[in-house]
Amino acid sequence: MLPGNARRSPRVAAAARLREAAGAPLHVAIIMDGSGRWAAARGRPRLDGHRAGADVVRRVVAAAPKFGIATLTLFAFSSDNWKRPRVEVESLMALVRDFLFDFKRSAVAAGVRIDVVGRRDRLSADLLAAIETAEFETRNAHSLHLRLAVDYSARDAILRAARRCAHETSHEREDFMRALAEVCHASTPSPDVDLLIRTGGEKRLSDFLLWECAYAELYFTTRMWPEFDVRDLRSAVDEYHARERRFGCLPDARV
Ligand code: IPE
Ligand code: IPE
Ligand code: MG
């Protein structure tokens, strides 16, 4: 989290930032990868893996607040995923639509506010309607902010936000973060990511939250997304808490 008072000395601000980071609610972001390979390894169509992955999303969302997670951003469909075969793209889009449609009622009951982040101009009308309904019906929920990234590219978002800010007189980071939220249709600016988890064994970001992950702790696991469970989430969060975040300072900035 950014230090709130710009007039503090850099050292005092850094110490405050370290203290805040130690006890603050977490923003966890997950690159939910490996669903296709998980299904293929079982001789099943890739779509079975994506379906199984949607069940994991429900379990992870339900568990997240217990681990101190206030914001959870899940990568559901990247802007580069449009390059996949049409049948897979259509199935994924239908899965997101059905997930939003089914999940919104339990989201309200569980206090989960849903935001879908990314481009909207290439989404179908039925998916757009599902997004808008889910966002509207969950807008007053406060236990967890669930951000689903759909048709999301961090580089595109940064480029569009930069264009939007180019003629502004203020060049504060907060202004840019507001612009980033606007171009992604997010209701509020994203807090910095504290912990980035990627399942499926790859060790890359694949154009996800490049700005927001500036100081994220990275956690890569070979577990495929459909086999990721609440114990895996606990392990990731436990490892996060065992790490020392420094934000460029020396450890003695704490005192
Ligand atoms: C991630 O799983 C989900 C999406 C990209 C939509 P993949 O579909 O990439 O699964 P693998 O990596 O091929 O196993
Ligand atoms: C990243 O996974 C996108 C999502 C999880 C939605 P990909 O499978 O598309 O990423 P690459 O192609 O392995 O980098
Ligand atoms: Mg993949």
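The analysis underlying the following values was restricted to heavy atoms, covering all of them including side chains, and did not include hydrogens, waters or symmetry mates. All ligand and atom numbering here is 1-based and tracks the order in the structure. All of these numbers come straight from a predicted model, not from anything done at the bench.
- For a threshold of 3.5 Å applied to N or O pairs, the pair formed by Trp38 and ligand 1 contains no separation below that value.
- The closest side-chain heavy-atom distance from Asp232 to Thr221 is not below 4.5 Å.
- Using a 4.0 Å cut-off to heavy atoms of Asp33, the atoms of ligand 1 that qualify are 1 (C), 2 (O), 7 (P), 9 (O), 10 (O), 11 (P), 12 (O).
- The Gly36 neighbourhood of ligand 1 comprises atoms 10 (O), 11 (P), 14 (O), with distances under 4.0 Å to a heavy atom of that residue.
- Using a 4.0 angstrom heavy-atom cutoff, Gly200 does not count as in contact with ligand 1.
- Not one N or O of Glu202 is nearer than 3.5 Å to an N or O of ligand 2, by distance alone.
- Around atom CZ of Arg58, more than 12 heavy atoms belonging to other residues, nucleotides or ligands sit under 6.0 Å away.
- A donor-acceptor pair under 3.5 Å links the side-chain atoms of Arg160 to the main chain of Val183, judged by distance alone.
- Taking a cut-off of under 4.0 Å to the non-hydrogen atoms of His50, the atoms of ligand 1 that pass are 8 (O).
- Both tests do not hold together for Arg243 against Tyr240: distance to the six-membered ring centre under 6.0 Å, angle to the ring axis within 45°.
- Asp33 contributes atom OD1 as its closest N/O/S atom to the Mg ion (ligand 3).
- Here the side chain of His167 pairs no donor or acceptor atom with the backbone of Cys165 at under 3.5 angstrom.
- At the top of the distance list for atom 13 (O) of ligand 2, counting protein heavy atoms only, stands Arg204 NH2, 2.8 Å.
- Close approach of ligand 2 to Arg84 is summarised as follows: ligand atoms under 4.0 Å from at least one heavy atom of the residue are 7 (P), 8 (O), 9 (O).
- Close approach to Arg37 involves these atoms of ligand 1, each under 4.0 Å from a residue heavy atom: 11 (P), 12 (O), 14 (O).
- Other residues, nucleotides and ligands contribute at most 12 non-hydrogen atoms within 6.0 Å of the CZ atom of Phe101.
- Of all protein heavy atoms, the one lying nearest to atom 14 (O) of ligand 2 is Ser206 OG, 2.6 Å.
- Residue contact check: Leu92 has heavy atoms under 4.0 Å from atoms 6 (C) of ligand 1.
- Distances below 4.0 Å separate heavy atoms of Phe77 from the following atoms of ligand 2: 6 (C).
- Among all non-hydrogen protein atoms, the one lying nearest atom 1 (C) of ligand 1 is Met32 O, 3.1 Å.
- Taking 4.5 Å as the limit, some side-chain heavy atom of Arg44 sits within range of a side-chain heavy atom of Trp38.
- Considering Phe99, Tyr152, Trp82 as possible partners of Phe77, the one that fulfils the ring-ring contact (aromatic ring centres under 6.0 Å, His included) test is Trp82.
- Proximity to Ala76 (heavy-atom distance under 4.0 Å) selects the following atoms of ligand 2: 6 (C).
- Applying the 4.0 Å criterion to heavy atoms of Asn81 picks out, from ligand 1, the atoms 5 (C), 6 (C).
- Counting heavy atoms from C-beta outward, His27 and Thr73 have side chains that approach closer than 4.5 Å.
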